[in-house]
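Here's the structure, in structure tokens; my notes come after.
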Amino acid sequence: MDVAVVSDVHLGTYGCHANELSRYLSTIDPTILVLNGDIIDMWQFSKKYWPTGHMQVIKQITSMLSRGVKVYYITGNHDEMLRRFENFSIGDFHIVNKMIIHHPNNTRSWIFHGDVFDVTMQYSKWLAKLGAVGYDMLIYINAFINYLSKKMGRGKISLSKKIKNSVKSAVKYINSFEDTAAGIAIEKGYDYVLCGHIHQPCNREIKTEKGKVNYLNSGDWIENLTALEYKNNKWDIYYYQQDTEVNELNDAIYMDEAAYLRTTELFKMMMEDFNLAS
């Protein structure tokens with residue numbers, strides 16, 4: 001695999017599927033790993049909630065760095081405090097706000113998180129943060145409902161997906177987001193444009209009067225558990241739920257005792273690095 005892209009992990013929240021992401025990361029060996037925003041949810045971060053699985057995701061990423069994988073952390077709105085460290089690099093780890101990948105077949109991928117298109121983020125950040133708390137609570141309630149549903153022998157349901165699909169304004173917002181990103185990419189002459197932010201995995205060609213572009217979205221690790229993979233000169237969406245081999249992995253294969261570092265130690269080391277950079 002040449003490139004893997006994950007976004008909207010939201011480490012530090014109840015809805016994050018960190019164990020599943022750790023399993024996925026333990027089975028890939030890309031040349032480049034792109035973390036496309038909202039990896040650590042700094043809006044809702046609390047030292048009271050940082051499970052071992054969340055720490056293991058960090059360990060998986062550092063393990064990939066030690067193997068020579070280039071890791072690019074593209075900042076999002078939930079981890080926007082990192083934007084002040086744009087162009088910070090240490091070894092193969094880089095913090096950027098956007099990036100371009102030049103592929104061997106002379107095509108180019110333009111990658112950014114996508115919150116720049118969010119009107120709520122631009123004019124009512126407090127409302128966006130309130131919505132994030134509500135969304136996290138909805139996921140928490142959803143988990144309880146699915147627990148009861150499983151006990152009753154029924155399948156899982158996604159409350160947020162049902163809400164998104166039933167509310168016309170939400171559907172309109174998603175379509176507008178995709179068309180806006182694609183339109184700008186076409187004007188700039190890119191072959192692919194990759195975003196996150198809206199938690200909606202997608203891979204489709206969008207055409208306008210000025211040209212065409214492949215729009216892709218990496219989805220999230222809250223509900224969809226998806227990523228983007230570039231190999232054999234093309235992008236594909238990876239669906240964790242459809243990967244039976246990764247689903248059946250024994251935890252001991254990817255878990256490491258380093259995952260048990262205390263949260264305070266982790267963030268102390270991170271802040272020391274950031275202070276040094278600034």
Side-chain angles (χ1 to χ4, degrees), residues 1-9 24 28 30-39 70-77 86 94 96-122 160-161 164-243:
M1 185 189 310
D2 298 307
V3 187
V5 181
V6 298
S7 71
D8 301 274
V9 179
Y24 170 63
I28 64 173
T31 302
I32 297 174
L33 172 66
V34 179
L35 306 171
N36 194 10
D38 291 358
I39 305 304
K70 292 180 173 59
V71 178
Y72 292 86
Y73 194 127
I74 299 178
T75 53
N77 49 306
E86 183 184 13
H94 313 275
V96 295
N97 290 337
K98 56 184 178 296
M99 66 181 294
I100 301 168
I101 296 180
H102 297 262
H103 302 292
N105 61 349
N106 294 321
T107 58
R108 296 185 300 164
S109 293
W110 185 34
I111 311 176
F112 55 95
H113 184 64
D115 57 296
V116 65
F117 299 139
D118 195 327
V119 176
T120 307
M121 275 298 304
Q122 293 178 28
S160 62
K161 280 186 178 181
K164 286 178 184 176
N165 293 335
S166 62
V167 179
K168 290 183 178 180
S169 59
V171 176
K172 183 179 179 181
Y173 167 74
I174 291 172
N175 291 335
S176 176
F177 177 95
E178 294 175 349
D179 291 340
T180 300
I184 297 174
I186 290 171
E187 290 182 1
K188 291 179 175 291
Y190 296 116
D191 302 282
Y192 307 96
V193 56
L194 284 68
C195 300
H197 188 57
I198 59 174
H199 296 206
Q200 195 80 9
C202 182
N203 181 1
R204 70 185 180 99
E205 184 179 78
I206 297 179
K207 294 182 179 180
T208 70
E209 296 177 353
K210 297 182 179 181
K212 63 181 180 179
V213 70
N214 268 69
Y215 165 83
L216 299 107
N217 195 294
S218 45
D220 65 280
W221 287 84
I222 300 290
E223 298 176 85
N224 296 292
L225 280 60
T226 51
L228 295 174
E229 299 180 343
Y230 186 84
K231 51 188 175 182
N232 300 323
N233 293 324
K234 69 186 186 78
W235 285 102
D236 289 302
I237 301 176
Y238 168 85
Y239 293 92
Y240 175 85
Q241 304 291 6
Q242 298 176 10
D243 193 338

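Quick caveat, the model's predicted, so the values are computed rather than measured.
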*Where do Asp2 and Ile32 land on the side chain to side chain contact (heavy atoms under 4.5 Å, CB included) test, with the steps shown first?*
CA-CA 6 Å; Asp2 298 307; Ile32 297 174; over 6 Å; no
_When you measure from the side chain of Asp8 to the backbone of His197, do you find a donor-acceptor pair of N or O atoms at a distance under 3.5 Å?_
yes
*What is the distance from atom CE of Met99 to atom NE2 of His94, rounded to the nearest 0.5 Å?*
8.5 Å
*Search all heavy atoms of Phe177 against all heavy atoms of Gly114 and return the closest pair with its distance.*
CE1-O, 3.1 Å
*Taking every non-hydrogen atom, the tightest pair across Ile222 and Asp220*: N-OD2, 2.7 Å
_If you define the side chain from C-beta out and look only at heavy atoms, does anything of Ile184 sit under 4.5 Å from Trp110?_
yes
*Polar side-chain atom of Asn217 near backbone of Gly196 as donor-acceptor pair, under 3.5 Å*: yes
*Mark yes or no for whether Thr107, through its side chain, and His103, through its backbone, hold a donor-acceptor pair below 3.5 Å.*
no
*With a 4.5 Å heavy-atom cut-off, do Tyr192 and Ile101 have their side chains touching?*
no
_Within the 3.5 Å criterion, strictly below it, is a donor on His113 or Ser7 matched to an acceptor on the partner's side chain?_
no
_Side-chain touch Asn214/Val193, heavy atoms, less than 4.5 angstrom_ = no
*Do the side chain of Asn224 and the main chain of His199 share a donor and acceptor less than 3.5 angstrom apart?*
yes
*Working to the nearest 0.5 Å, report the span between OG of Ser218 and CG of Asn203.*
11.5 Å
*Any side-chain heavy atom of Tyr230 within less than 4.5 Å of one from Pro30?*
no
*Report yes if the side chains of Ile237 and Leu228 come closer than 4.5 Å at any heavy-atom pair, otherwise no.*
yes
*asked:* Within the 3.5 Å criterion, strictly below it, is a donor on Asn97 or Glu86 matched to an acceptor on the partner's side chain?
replied: yes
*Does Phe112 offer a backbone N or O that forms a donor-acceptor pair with the side chain of Asn36 under 3.5 Å?*
yes
_One thing to verify: whether Asp191 and Lys234 come together as a salt bridge, which I'm taking to mean a side-chain N less than 4.0 angstrom from a carboxylate O._
no
*What distance do Glu209 atom CD and Ile186 atom CD1 have between them, rounded to the nearest 0.5 Å?*
10.5 Å
_Are there over 12 heavy-atom neighbours, none belonging to Asn232, within less than 6.0 Å of that residue's CG?_
no
*asked:* If I take atom CH2 from residue Trp235 and atom CG from residue Leu194, how far apart are they, to the nearest 0.5 angstrom?
replied: 5.0 Å
_Tyr24 side chain near Val6 side chain, heavy-atom distance below 4.5 Å_ = yes
*Donor-acceptor contact present, side-chain Trp221 to main-chain Thr226, <3.5 Å*: yes
*Once you round to the nearest 0.5 Å, how far does CD of Glu178 lie from CG of Leu216?*
10.0 Å
*Min side-chain heavy-atom separation Tyr72-Ile111 under 4.5 Å*: no
*Locate the shortest heavy-atom distance separating Ala182 from Ile206; write the atom from each residue and the value.*
CB-CD1, 3.5 Å
*asked:* Distance check, rounded to the nearest 0.5 Å: Asp236 atom CG versus Met1 atom CE?
replied: 10.0 Å
